[in-house]
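Below is one structure, written out as structure tokens, with a few remarks after it.
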Protein chains: 2
Amino acid sequence: MTSEIHMTGALEPRGSWTADRCSVAKALDVVRTRSALLILREAFYGATRFDEFAKRAQLSDPVTADRLRELVDDGILEREPYREPGQRTRQMYRLTEKGAELLPVLVALMQWGDRWLQDAGPPVQLTHEDCGARITAQLRCERDHEIGEGEIALARTSLART
Amino acid sequence: MTSEIHMTGALEPRGSWTADRCSVAKALDVVRTRSALLILREAFYGATRFDEFAKRAQLSDPVTADRLRELVDDGILEREPYREPGQRTRQMYRLTEKGAELLPVLVALMQWGDRWLQDAGPPVQLTHEDCGARITAQLRCERDHEIGEGEIALARTSLART
DNA sequence: CCGTATCCACAACGATACTG
DNA sequence: CAGTATCGTTGTGGATACGG
């Protein structure tokens, strides 16, 4: 009951805000699949090579190849050729800025899984390197208030629709 | 380069932390589909009835029914019969606590979509009801430091693996 | 209003085998 | 090591029609 978002302004229930232009839907169009998120997880964990992605994310080669290509096409990963002395040229995949900013999504998912799907507690933990304290994904307003349930309002922006 | 998570301790690249017990993977097993997230979005926006979910999320009836059933089975939504005076009994779907805690995931997705996929700026905005300031999903440590790129360490917890 | 039944199309994924 | 080609299976979702 308290978990709802309160709407302000003239927001009709089935206007363009809900599905067409909704950023959630658009984001899901880009990272709709499980494999894409798992590959991203491994990118954050430091994977850069084809093999690492396939093995660590436990994906078959074809799926790994498809997903890597799509993620590169979407500007989330970038290929970079490199060459170690004496070796032939290889490719590595690295997160772009656009890709790196998906981290809060991953962390929020992990945190929810930790809380609701793990019987024996979280298998791994993210900590702040500087101070060692545990990291969480949370909602804050620009005045730095923590956002509790039911404290959210939804407003149509003036920028919307040209 | 700075977007990686630094690993500490004896974390082998392909151990159980990566895929099997990983909370990201487990969470994705529950909310793997686009339709599930869109229905959740509408639940946060206040939808409670079958029709609202189908129309607002722009999903066909069968998919809506499937997804609602699964979300109820997974404890993310709960059905509740209610009866308005003079009407027959109806069902409503409401977020459980488990479901409500997926909000950071949705907000993080929305925020990313706003930033990277919207040309004309965000179509809607979330604001803090108490103070009116805009809301973001962000990473914080327990000592309330904001987490910048590359400031994250990953450690295996002592609780993992019985 | 709240769904179910049926059918169909396409996407996602694994397994296996093969190439530079 | 870094993929591609092919095949088969299941998942996801729309369209349509129907029932309590």
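Within every chain, numbering begins at 1; the chains are lettered A, B, ... in the order of the sequence lines, protein sequences first and strands thereafter.
Rounded to an integer number of Å, the gap from CZ of B/Arg56 to C1' of C/dC1 is 16 Å. For the pair A/Phe53 CZ and C/dG14 P, the computed distance is 16 Å after rounding to whole Å. As a whole-Å value, the separation of A/Asp29 CG from C/dA12 C1' is 15 Å. One interatomic measurement links the two molecules: CG of B/Leu77 to P of C/dG3, which rounds to 12 Å at whole-angstrom precision. Taking atom CG of residue A/Leu38 and atom C1' of nucleotide C/dA12, one finds them 13 Å apart after rounding to whole Å. Across the protein-nucleic acid pair, B/Arg79 atom CZ and C/dC2 atom P stand 10 Å apart, rounded to whole Å. In this structure, the CG atom of B/Leu68 is 11 Å from the P atom of C/dC2, given to the nearest Å.
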> Base, backbone or nothing for each nucleotide of nucleotides 12-20 of chain D, written B, S, -, heavy atoms under 4.0 angstrom, 5' to 3'?
Replying inline: SBBBB---B
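For the pair B/Asp51 and B/Lys55, the salt-bridge criterion is met [side-chain N within less than 4.0 Å of a carboxylate O]. The pair B/Lys98-B/Asp74 fails the salt-bridge criterion, with no side-chain N (NZ, NE, NH1 or NH2) lying under 4.0 Å from an Asp/Glu carboxylate O.
Residue-level contact check: B/Tyr93 touches the backbone only, with heavy atoms under 4.0 Å from sugar-phosphate atoms and none from bases.
The minimum heavy-atom distance between B/Arg21 and A/Gly121, with the atom names listed, is NH2-O, 3.6 Å.
In summary, the side chains of B/Arg67 and B/Ser35 do present a donor paired with an acceptor at a separation below 3.5 Å, with no hydrogens or angles considered.
A side-chain contact (heavy atoms from CB on, under 4.5 Å) with B/Leu77 is found for one member of B/Thr96, B/Thr48, B/Leu71 and no other, namely B/Leu71.
Between C/dC1 and D/dC18, the two C1' atoms lie 15 Å apart (nearest whole Å). When the P atom is used for both C/dC2 and D/dA17, the distance is 22 Å, rounded to whole Å.
At distances below 3.5 Å, not a single donor-acceptor pair connects side-chain atoms of B/Arg134 with backbone N or O atoms of B/Gln125.
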> According to the Watson-Crick and G-U wobble definition with distances under 3.5 Å, which dot-bracket string, read 5' to 3', encodes DNA chain C, using [ ] for crossing pairs and | for pairs with another strand?
Replying inline: |.||||||||||||||||||
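Residue B/Arg69 has a polar side-chain atom (N or O) positioned under 4.0 Å from OP1 or OP2 of C/dT4.
Counting heavy atoms from C-beta on, the side chains of B/Tyr93 and B/Ile39 never come closer than 4.5 Å. Contact check for A/Ile152 versus A/Ile147: side-chain heavy atoms found under the 4.5 Å cut-off.
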>> Using the rule given for salt bridge (Lys or Arg N to Asp or Glu O under 4.0 Å), can you reason through A/Arg115 versus B/Glu97, listing the C-alpha separation, both sets of side-chain angles and the distance that settles it, and then say yes or no?
In response: CA-CA 11 Å; A/Arg115 169 120 155 78; B/Glu97 187 193 356; 2.9 Å; yes
